[in-house]
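So the structure is just underneath, and the comments pick up after that.
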Protein chains: 2
Amino acid sequence: MTNHVLFHTLHQLSRQLTNKLNEALKPYGLYSAQWSVLFVLNTKGSITQKELCEYLFVEAPPMTRTIQRLVKQGYVKQIPGQDKREKFIQLTEEAVKEFPKWEHAVSKCNQALLMDFPETSQQELVSLQSSWLKQLL
Amino acid sequence: MTNHVLFHTLHQLSRQLTNKLNEALKPYGLYSAQWSVLFVLNTKGSITQKELCEYLFVEAPPMTRTIQRLVKQGYVKQIPGQDKREKFIQLTEEAVKEFPKWEHAVSKCNQALLMDFPETSQQELVSLQSSWLKQLL
DNA sequence: AAAAATTAATTACCTAGGTAACTATATCGA
DNA sequence: TCGATATAGTTACCTAGGTAATTAATTTTT
């Protein structure tokens, strides 16, 4: 019985959080999945789509779509690798310029979401989730 | 910084769990969203789509789709209410007959997912998630 | 009682993520 | 070396969930 509640609340939480994130990103014409890619590119620099998929645990097809949208918006460029099968993805100058605004919006959103949720609880939650996730993968 | 990890792992976990659930339900031709509806109907009996939405915190359009698929599969029927706008949803006889099998498959799946995750951790996780979720809604 | 506002459900269209099948390139083995 | 196999990415199509607009029925207001 408690199992069911566990899965249910986890699912609900995840949905609520992405909804809020999408709301926060709306003024910038971005969506949560795009943000996750931009965030990774900002820290990792230029990496292949494969690596992006592995890092975000997402299958290749949705990644292709997300990247294509980012390309169309001018926030990301694809550079053919030495191995001609692979494409390196990196932020455009414009994306680098805009990034701080996006980051600020996201961080404000996250802060609001965590407002009444104590720091210690957050850390416990991360710890529990991480250990569970590690076992699943 | 820890915020980002928190949201990331939550999202990953949620996706992994629904993927596994979908896998477990595949032999029965069902998907996770359908299962969540069937599960609620099994405990609540006959309720309106509105109530289903409220219970599962899902918007009306996706609920309409999920129900229409279940109707097509013969697992659910829609009964017009006294208020002609609303439709009461309930399990068909066949669904009632099949339910135990589905429930067993799901519960086996959940058990496998939680195998190496201690009972106490599960309870902590539920407690943390629930309190956070309550604040968000 | 008639007009206005509200509500339940649907339709159309969007993002997010999954699998299967395909293409093009690279690598491995006989 | 050349044929088989593996790999990166794309395309097509599926479920899941969201918003906006629409329809039909019910309430509320006037």
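Every chain is numbered from 1 and lettered A, B, ... according to where its sequence line falls, protein lines coming before strand lines. Values reported hereafter were calculated over all heavy atoms of this structure, with side chains retained and with hydrogens, waters and symmetry mates removed. If you're wondering where the values come from, they're calculated on a predicted model, not measured in any experiment.
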* Asked: Heavy atoms, side chains only, cut-off 4.5 Å: are A/Gln16 and A/Leu113 in contact?
  -> no
* For residues 85-97 of chain B, which residue pairs qualify under salt bridge (charged side-chain N to carboxylate O under 4.0 Å, His left out), counting only residues two or more places apart or in two chains? -> B/Asp83-B/Arg85
* What is the per-nucleotide protein-contact pattern of nucleotides 11-18 of chain D, from the 5' end, where B denotes a base atom under 4.0 Å from a protein heavy atom, S denotes such proximity for sugar-phosphate atoms only, and - denotes neither? -> BBB-SSBB
* Asked: Side chains of B/Tyr28 and B/Glu98: closer than 4.5 Å at any heavy-atom pair?
  -> no
* Would you indicate, yes or no, if C/dA9 has its OP1 or OP2 atom less than 4.0 angstrom from a side-chain nitrogen or oxygen of B/Lys87? => no
* Can you list every pair that meets salt bridge (charged side-chain N to carboxylate O under 4.0 Å, His left out) and has a residue in residues 118-137 of chain A, with sequence neighbours left out? -> none
* To do: Identify the heavy atoms of B/His11 and A/Ser14 that sit nearest to each other, and give their distance.
  => CD2-OG, 3.8 Å
* To do: Taking only Lys NZ, Arg NE, NH1 and NH2, and the carboxylate oxygens of Asp or Glu, determine whether B/Lys26 and B/Glu23 approach each other closer than 4.0 Å.
  => no
* Structure fact -> Rounded to whole Å, the CD1-C1' distance (A/Ile67 to D/dT10) equals 12 Å
* To do: Taking the side chain as every heavy atom from C-beta outward, state whether B/Leu125 and A/Trp132 have any pair of such atoms under 4.5 Å apart.
  => yes
* How close or far is atom P of C/dA8 from atom CD1 of B/Ile89, stated in whole angstroms? -> 14 Å
* Whether A/Phe99 and A/Trp102 hold their rings parallel, tilted or perpendicular, with breakpoints at 30° and 60° -> perpendicular
* Mind listing the residues from residues 72-86 of chain A sitting with a heavy atom below 4.0 Å of DNA chain D? Number order is fine. => A/Gln78, A/Arg85, A/Glu86
* Structure fact -> In short, salt bridge (charged side-chain N to carboxylate O under 4.0 Å, His left out) pairs touching residues 54-67 of chain B with sequence neighbours left out are B/Lys50-B/Glu54
* Asked: How about B/Val71 and B/Gln78: do any of their side-chain heavy atoms sit closer than 4.5 Å?
  -> yes
* When you measure from every atom of DNA chain D, which of residues 129-137 of chain A have a heavy atom less than 4.0 Å away? -> none
